[in-house]
*Asks:* 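Supplied in structure tokens, the structure appears directly below.
For reference, positions follow the sequence shown, starting with 1.
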Amino acid sequence: MTDIIIITLSTLGTLFILLAAIGVVKMPDLYLRISVTTKAATLGIGLILLASAFYFNDSAITARVLAIIVFMLLTAPVGAHMIGRASYFTGVKMWKKSKIDELEGQYDYKTHKLHSEDQRSRENEKIEGKTQKES
């Protein structure tokens with residue numbers, strides 16, 4: 001029974017890593033590649049690590065495996081977010097068929113500050129209030 005679990009987990013993990021590799025080649029832009037790679041590779045690595053925990057059947061190894069999985073689940077999305085954010089702010093173009101760019105017009109390239117729509121509208125109100133007082 002344990003052999004079936006090990007084979008299933010390692011096979012599924014390998015398939016997810018294969019899908020991540022195919023996604024890197026097939027996705028049209030950096031942002032989609034980051035998304036595919038982060039999700040599929042993290043799941044694939046986690047499944048292979050679980051298979052190794054079942055294979056060795058030792059509490060010390062299982063604790064290490066679980067710690068690695070938790071570490072991967074915490075760091076992979078943060079790393080992908082930071083890479084995507086840096087790429088966007090340095091001018092890496094999105095795919096031409098992308099429909100929504102939620103950050104468009106929110107980043108000030110001179111001050112390097114990212115504004116929400118609420119902050120932008122408050123700043124515009126302040127500017128309009130100053131120009132009305134001056135006139």
Side-chain angles (χ1 to χ4, degrees):
M1 182 64 183
T2 307
D3 290 341
I4 294 171
I5 293 172
I6 294 168
I7 291 169
T8 304
L9 289 174
S10 60
T11 303
L12 286 174
T14 305
L15 287 175
F16 276 106
I17 292 173
L18 176 65
L19 288 174
I22 291 170
V24 167
V25 174
K26 293 289 186 179
M27 290 296 140
D29 72 345
L30 175 80
Y31 307 105
L32 292 172
R33 288 180 190 136
I34 290 171
S35 175
V36 167
T37 305
T38 302
K39 290 177 179 78
T42 302
L43 182 59
I45 291 168
L47 290 172
I48 289 175
L49 286 169
L50 280 176
S52 68
F54 276 105
Y55 178 78
F56 290 108
N57 197 18
D58 182 22
S59 60
I61 292 176
T62 303
R64 290 178 190 154
V65 163
L66 292 177
I68 293 169
I69 290 172
V70 168
F71 181 74
M72 289 282 300
L73 290 174
L74 292 175
T75 58
V78 174
H81 173 77
M82 295 306 295
I83 291 170
R85 183 180 167 108
S87 301
Y88 185 85
F89 293 149
T90 57
V92 175
K93 298 290 182 197
M94 294 178 73
W95 183 36
K96 62 185 175 192
K97 292 185 180 180
S98 294
K99 296 184 181 194
I100 297 174
D101 182 3
E102 293 180 353
L103 292 179
E104 187 175 21
Q106 303 297 324
Y107 182 66
D108 187 1
Y109 287 96
K110 292 179 183 175
T111 62
H112 300 292
K113 290 186 179 179
L114 182 62
H115 300 284
S116 68
E117 289 185 26
D118 295 336
Q119 288 174 329
R120 181 75 66 190
S121 63
R122 278 187 259 144
E123 287 178 6
N124 289 339
E125 289 172 4
K126 287 179 186 178
I127 292 170
E128 289 172 6
K130 285 182 183 179
T131 56
Q132 289 176 357
K133 288 180 184 178
E134 292 173 359
S135 11

*Asks:* May I ask you to check whether over 12 heavy atoms, not counting those of Ile100, lie within 6.0 Å of atom CD1?
*Replies:*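 Incorrect, the count does not exceed 12.
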*Asks:* Would you name the heavy atoms of Ala80 and Thr38 that are closest together and state the gap between them?
*Replies:*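 Nearest heavy atoms, Ala80 then Thr38: CB-OG1, 3.2 Å.
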*Asks:* Give, for atom OH of Tyr88 and atom CE of Met94, the distance between the pair rounded to the nearest 0.5 Å.
*Replies:*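 So the OH of Tyr88 and the CE of Met94 are separated by 7.0 Å.
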*Asks:* Check for me, please, whether Leu32 and Ile22 land in the same ILVMFWY cluster - side-chain distances under 4.5 Å, paths through other members count.
*Replies:*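 They do not share one cluster, since no chain of ILVMFWY contacts under 4.5 Å joins Leu32 to Ile22.
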*Asks:* Can you give each donor-acceptor pair under 3.5 Å made by side-chain atoms of residues 50-67, sequence neighbours left out, with the distance rounded to 0.1 Å?
*Replies:*
from	atom 1	to	atom 2	distance (Å)
Ser52	OG	Leu49	O	2.6
Thr62	OG1	Asp58	O	2.8

*Asks:* Report whether Ile6 and Ile69 are members of the same hydrophobic cluster (ILVMFWY, side-chain heavy atoms less than 4.5 Å apart, transitive linking).
*Replies:*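 Yes, same cluster.
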*Asks:* What closest approach, in Å, do Pro77 and Met72 show between heavy atoms, and which atom pair accounts for it?
*Replies:*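 Closest approach of Pro77 to Met72: CD-O, 4.0 Å.
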*Asks:* Distance from Leu9 atom CG to Thr14 atom OG1, nearest 0.5 Å?
*Replies:*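 The CG atom of Leu9 sits 10.5 Å away from the OG1 atom of Thr14.
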*Asks:* Measuring only between side-chain heavy atoms, which start at C-beta, is Tyr31 closer than 4.5 Å to Val92?
*Replies:*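 SC-SC contact between Tyr31 and Val92 confirmed.
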*Asks:* So do Val36 and Val24 actually touch side chain to side chain, heavy atoms under 4.5 Å?
*Replies:*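 They are not in contact (no side-chain heavy atoms under 4.5 Å apart), so the answer is no.
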*Asks:* Roughly how far, to the nearest 0.5 Å, is the NZ atom of Lys93 from the CG atom of Leu30?
*Replies:*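 Going from the CG atom of Leu30 to the NZ atom of Lys93 covers 13.5 Å.
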*Asks:* Honestly curious: do Ile48 and Val70 fall in one hydrophobic cluster under the side-chain, below-4.5 Å linking rule?
*Replies:*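 Different clusters.
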*Asks:* Going from CD1 on Ile17 to OG1 on Thr42, what distance comes out if it is rounded to the nearest 0.5 angstrom?
*Replies:*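 That separation rounds to 9.5 Å.
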*Asks:* Among the clusters formed by ILVMFWY side chains lying less than 4.5 Å apart, do Leu12 and Leu73 turn up in the same one?
*Replies:*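 Linked, Leu12 and Leu73 end up in one cluster.
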*Asks:* Please determine whether residues Ile7 and Ile5 belong to a single hydrophobic cluster, defined as Ile, Leu, Val, Met, Phe, Trp and Tyr linked transitively by side-chain heavy-atom distances below 4.5 Å.
*Replies:*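 No, no single cluster joins them.
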